[in-house]
Amino acid sequence: MCGIVGYIGKKNCVPILINGLKRLEYRGYDSAGIGIINNGNSKIVKNKGKVSVLEENVNNLQLTANIGIGHTRWATHGIPNEINAHPHSNESGSLFIIHNGIIENYRTIKTDLQNLGYKFTSDTDSEVLVHLIDYFINKGYDLCKAVQFALNEVVGTYGIAVIYNNEPDKLIAARKGSPLVVGLGENENFIASDVSALLSYTKQIVYLDDGELAVITKDGFTVKTISDKEIQKEVHEISISLEEIDKSGYPHFMLKEIMEQPDSVWNSMRGRLLHEEGTAKLGGISEVMDRLVNSNRIILSACGTSWHAGLVGEYMIENLTQIPTEVEYASEFRYRNPIISKDDTVILISQSGETADTLAALREAKNRGALVLGICNVVGSTIARESEAGVYIHAGPEIGVASTKAFTSQLVVLALITLLVARKKNLSAAEGRVIVEALQDLPEKVYQCLKLNETIEQIANEFKDASNFLYLGRGYNFPVALEGALKLKEISYIHAEGYPAAEMKHGPIALIDENLPVVFIAPKDSTYEKVVSNIEEVKARGGRLIAIASENDNDIDELVDYSIKIPDTVEMLRPILTSIPLQLLAYHIAVKKGLNVDQPRNLAKSVTVE
Ligand code: AGP
């Protein structure tokens with residue numbers, strides 16, 4: 001998703017903008033630019049490609065200014081090139097805007113403005129905003145009013161920052177559907193699309209909500225609605241440290257985050273285990289426990305990896321609480337006219353807490369009266385704030401586009417919620433204590449899985465040139481198969497499919513030949529014997545076999561080409577362990593292919609557009 005950063009204050013904004021954009025690179029982008037105002041002179045520098053190219057261009061120009069905005073663009077309308085990069089300016093070059101989101105009615109606005117004589121240079125939807133604001137300024141309105149009037153004309157989503165030559169003492173920011181935070185400093189203030197861009201400068205943050213506009217000066221800020229109603233906002237102190245968003249010596253954020261999982265898994269359960277009572281303690285949902293426990297139905301809704309976590313959660317919740325549970329792609333759920341009542345609970349799962357489809361699903365469920373809970377990683381994110389209640393996963397900042405530690409922490413939190421509800425229904429204290437003990441032992445077992453890193457790297461060597469992969473599993477292992485396939489395809493660009501192992505004979509078995517690597521998630525569980533039969537079916541057809549197996553399984557070795565043995569745990573927690581070798585397999589294959597593991601092509605860390 002696009003990255004936004006802005007500064008107004010006593011320092012030279014140029015290095016601050018560049019450093020901020022570097023912190024936002026992980027979000028995925030294809031072009032970058034900055035716009036500054038200095039003593040009535042304004043300047044835009046922008047380019048296709050990386051922030052490093054922009055930095056070189058900017059350094060050659062030796063620019064200085066006390067107010068400026070910067071943007072990394074993830075193209076939605078208009079190819080990645082210099083003209084389509086942001087900032088966009090009005091014709092006189094006195095007004096600059098950067099935008100994250102989609103202006104759905106941009107064609108209508110563009111035609112109206114062209115009929116008024118406005119000339120467009122780019123193919124983007126965003127450019128209409130700068131000319132629309134210019135139009136209202138020419139009507140005699142000041143910058144703030146002009147932005148408010150312009151945004152009233154807009155249908156769609158936006159996170160914008162605007163600066164104007166004739167009002168160089170203020171920076172305007174506004175949001176609807178694309179996150180924005182205001183950072184507060186001493187004689188300086190900031191704006192950004194997420195806090196990581198500001199961490200070097202301030203930890204005092206104000207989160208803007210949809211429909212809000214901030215007027216930011218070097219001495220302070222005011223927040224209004226776009227209908228000009230002033231709003232008091234709370235200032236938050238954020239706890240993330242800089243080292244948490246650095247690579248700390250790892251070659252990639254993704255590897256760092258995979259290796260952090262003993263800690264991140266522990267942090268997701270820290271202070272939440274009640275050993276004696278055999279249950280969990282989750283303050284974030286304590287107020288709504290009665291409604292949750294007595295839900296007619298639970299719907300888990302999410303996208304991508306978070307949706308896979310939901311599929312595991314479905315098995316957990318139904319097995320232990322007997323509450324009927326469904327999992328829905330958020331993008332489908334929001335348009336499907338779902339049958340939801342006030343007796344249902346809808347749980348949104350989102351690492352970023354900003355995914356547009358998941359946020360829309362939340363609002364749809366809320367509108368229909370369901371109890372709406374959020375399971376998020378980013379504190380203060382929109383989904384977290386708009387949920388009635390929820391549980392943070394506390395995995396720490398996840399910078400790599402491919403989600404790893406957030407996935408395993410989502411599973412921990414789903415297990416905690418399941419345990420808490422089940423113990424209020426028919427799970428005994430003794431049964432609960434078994435799960436609590438298994439959770440307590442999990443970080444060490446995660447660490448044991450990570451010790452397989454070198455073995456898995458060697459296996460990756462054998463398969464880095466494959467053009468297709470099949471991942472198969474049954475029961476709890478089926479969502480892990482889907483997740484393993486997604487990890488591989490999103491960072492190595494190798495086509496990979498996840499399937500229920502039993503489904504193979506209904507079609508995919510036609511794919512099996514000596515060129516097709518087939519990964520079985522085959523721990524010794526209730527479906528193991530059936531999965532062994534599937535392994536033999538693949539072996540009989542010459543498929544290349546990799547198995548994620550239990551460390552005490554000595555039979556599987558003669559069946560497969562490579563067996564990756566992992567420690568065991570209770571059935572509902574096994575996906576946390578079986579997914580880790582698949583994360584490492586995908587990582588090493590992508591690295592051996594020389595690909596950009598942290599910022600895969602076409603992908604964004606948080607998809608804040610539909
Ligand atoms: C996972 O590796 C992908 N980056 C992607 O599928 C991601 O899980 C999805 O976009 C949902 O993101 P969220 O958890 O932040 O809502």
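Counting convention: from 1, in listed order, for ligands and their atoms alike. From a predicted model like this one, the values you see are computed outputs, not experimental measurements.
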task: Flag yes if more than 12 heavy atoms outside Lys445 fall under 6.0 Å of its NZ atom; otherwise flag no.
output: yes
query: Taking the minimum heavy-atom distance to atom 12 (O) of ligand 1, which of Val401, Ile349, Thr355 ranks first?
result: Thr355
- request: Kindly confirm or rule out an N or O of Lys605 lying under 3.5 angstrom from an N or O of ligand 1.
  value: no
message: Would you say that more than 12 heavy atoms from the other residues, nucleotides or ligands in this model lie under 6.0 Å from the OH of Tyr499, or not?
response: no
- request: Measure the distances from the heavy atoms of Lys487 to every atom of ligand 1 and state whether one is below 4.0 angstrom.
  value: yes
Between Ser403 and Thr305: side-chain donor-acceptor atoms closer than 3.5 Å: no
message: Can you confirm whether or not the ring centre of His308 sits under 6.0 Å from the ring centre of Phe407?
response: no
task: Mark the output for Ala402 as yes if a heavy-atom distance to ligand 1 is under 4.0 Å, and as no if none is.
output: yes
- request: Could you list which atoms of ligand 1 come closer than 4.0 Å to a heavy atom of Ser403?
  value: 1 (C), 2 (O)
task: Among all protein heavy atoms, pick the one closest to atom 3 (C) of ligand 1 and tell me residue, atom and distance.
output: Glu490 OE1, 3.4 Å
- prompt: Is it true that Asp194 and Lys605 have a side-chain N and a carboxylate O under 4.0 angstrom from each other?
  reply: no
query: What residue and atom, counting heavy atoms only, is the protein's closest point to atom 10 (O) of ligand 1, and at what distance?
result: Val607 CG2, 4.1 Å
query: What protein heavy atom is closest to atom 14 (O) of ligand 1, reported as residue, atom name and distance in Å?
result: Ser306 OG, 2.6 Å
- prompt: To the nearest 0.1 Å, how far is atom 11 (C) of ligand 1 from its closest protein heavy atom, and which atom is that?
  reply: Cys303 O, 3.4 Å
- request: Assess the pair Phe463 and Tyr562: is the distance between their ring centroids shorter than 6.0 Å?
  value: yes
query: So, Thr382 and Glu354: side-chain donor and acceptor under 3.5 Å apart, yes or no?
result: yes
message: Among all the protein's non-hydrogen atoms, which is closest to atom 6 (O) of ligand 1, and how far away is it?
response: Gly304 CA, 3.2 Å
query: Tyr315 vs Tyr476 aromatic rings, parallel, tilted or perpendicular, using cut-offs 30° and 60°?
result: tilted
query: For atom 1 (C) of ligand 1, which protein heavy atom lies nearest, and how many Å away is it?
result: Thr305 OG1, 3.0 Å
